[in-house]
Amino acid sequence: MSDFYQNVFEVVRQIPAGKVTSYGAIARYLGSAGSSRMVGWAMNLSHHQEVFVPAHRVVNRNGLLTGKIHFGSPDEMQELLENEGIAVENDCVIHFKELFWDPIKELL
DNA sequence: ACGTTGACCTATA
DNA sequence: GTATAGGCCAACG
């Protein structure tokens, strides 16, 4: 496994419960700014990872749950988010700005 | 081997 | 403020 994906999984794993982040933030944190799509591929591989990766805490810049369809069930992601106290409506994270967790600022 | 697609983001009009 | 274009790199057909 490339270090890139491993790093992505590690960052995603460090996301606190009840918080969310965006692909671009992770990509920028890894230094591969602009390659946010690779983060998405990394999430795709997260299912194959043995360790649990809270991919449901990762959403796009708009706070839209674009990758919910890649879960076991499209509703599973929303269920997980609501289970952590994150309000989700119309596939959008409510108070996304407040729940946003930037690895660059927080994790640094 | 080439072309298209994809869990995206930034920039310009 | 919305709309369109370009870029990025890897996987799939």
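Computation of the quantities below employed the complete heavy-atom set of this structure, encompassing side-chain atoms and omitting hydrogens, waters and symmetry-equivalent molecules. Letters A, B, ... mirror the listed sequences (proteins, then strands); counts begin at 1.
For residues 97-108 of chain A, there are no salt bridge (charged side-chain N to carboxylate O under 4.0 Å, His left out) pairs, not counting sequence neighbours.
Taken residue by residue, residues 56-65 of chain A places heavy atoms nearer than 4.0 Å to DNA chain B at A/N60, A/R61. Shown for residues 71-82 of chain A: no residue has heavy atoms falling under 4.0 angstrom of DNA chain C. Annotation: proximity of residues 85-103 of chain A to DNA chain B (heavy atom, distance under 4.0 Å) is found for no residue. Within residues 11-28 of chain A, the residues that place at least one heavy atom under 4.0 Å from DNA chain B are, in residue-number order, A/S22, A/Y23, A/G24.
A 4.5 Å side-chain heavy-atom check between A/L81 and A/L65 finds at least one atom pair inside the cut-off. Using a 4.5 Å heavy-atom threshold, the side chains of A/F9 and A/V51 count as separate. Side-chain atoms of A/T21 and A/F100, non-hydrogen and from C-beta on, do get closer than 4.5 Å to each other. In this structure, the side chains of A/L45 and A/Q49 stay at 4.5 Å or more apart for every pair of heavy atoms.
In the hydrophobic cluster analysis, where Ile, Leu, Val, Met, Phe, Trp and Tyr join through side-chain heavy atoms closer than 4.5 angstrom, A/F4 is grouped together with A/I15. Put simply, A/I104 and A/V20 are part of two different groups of oily side chains (I, L, V, M, F, W, Y) that touch within less than 4.5 Å, one to the next. Connection of A/W41 to A/V39 is established within a shared hydrophobic cluster, with ILVMFWY side chains joined at heavy-atom distances below 4.5 Å, either directly or through further cluster members.
Residues meeting the ring pair (Phe, Tyr, Trp, His ring centres under 6.0 Å) test with A/F71, sequence neighbours left out: A/H47. With sequence neighbours excluded, the residues forming a salt bridge (charged side-chain N to carboxylate O under 4.0 Å, His left out) with A/E84 are A/R57, listed by chain and number. Applying the side-chain contact (heavy atoms from CB on, under 4.5 Å) test to A/D75 and every residue at least two apart in sequence or in another chain returns nothing.
If you take CG on A/L64 and CZ on A/F96, they are separated by 10.0 Å, rounding to the nearest 0.5 Å.
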Produce the list of close N/O pairs, under 3.5 Å, pairing protein atoms with atoms of nucleotides 4-12 of chain C; give distances to one decimal.
none

Pairs under 3.5 angstrom only: tabulate donor-acceptor contacts from the side chains of residues 22-38 of chain A to other protein residues two or more places apart or in another chain.
residue, atom, partner, partner atom, Å
A/S22, OG, A/A25, N, 3.4
A/S22, OG, A/R61, NH1, 3.4
A/Y23, OH, A/V58, O, 3.4

Would you be so kind as to tabulate the donor-acceptor pairs closer than 3.5 Å made by side chains of residues 85-95 of chain A, with sequence neighbours excluded?
residue, atom, partner, partner atom, Å
A/D91, OD1, A/K68, NZ, 3.1
A/D91, OD2, A/K68, NZ, 2.8

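Note that the first and last nucleotides of DNA chain B, 5' to 3', having any atom under 4.0 angstrom from a heavy atom of chain A are B/dG6 to B/dC9.
Across all their heavy atoms, A/M77 and A/A55 have their closest contact at CE-O, 4.0 Å.
Ring planes of A/H56 and A/F52: tilted class, angle from 30 to 60°.
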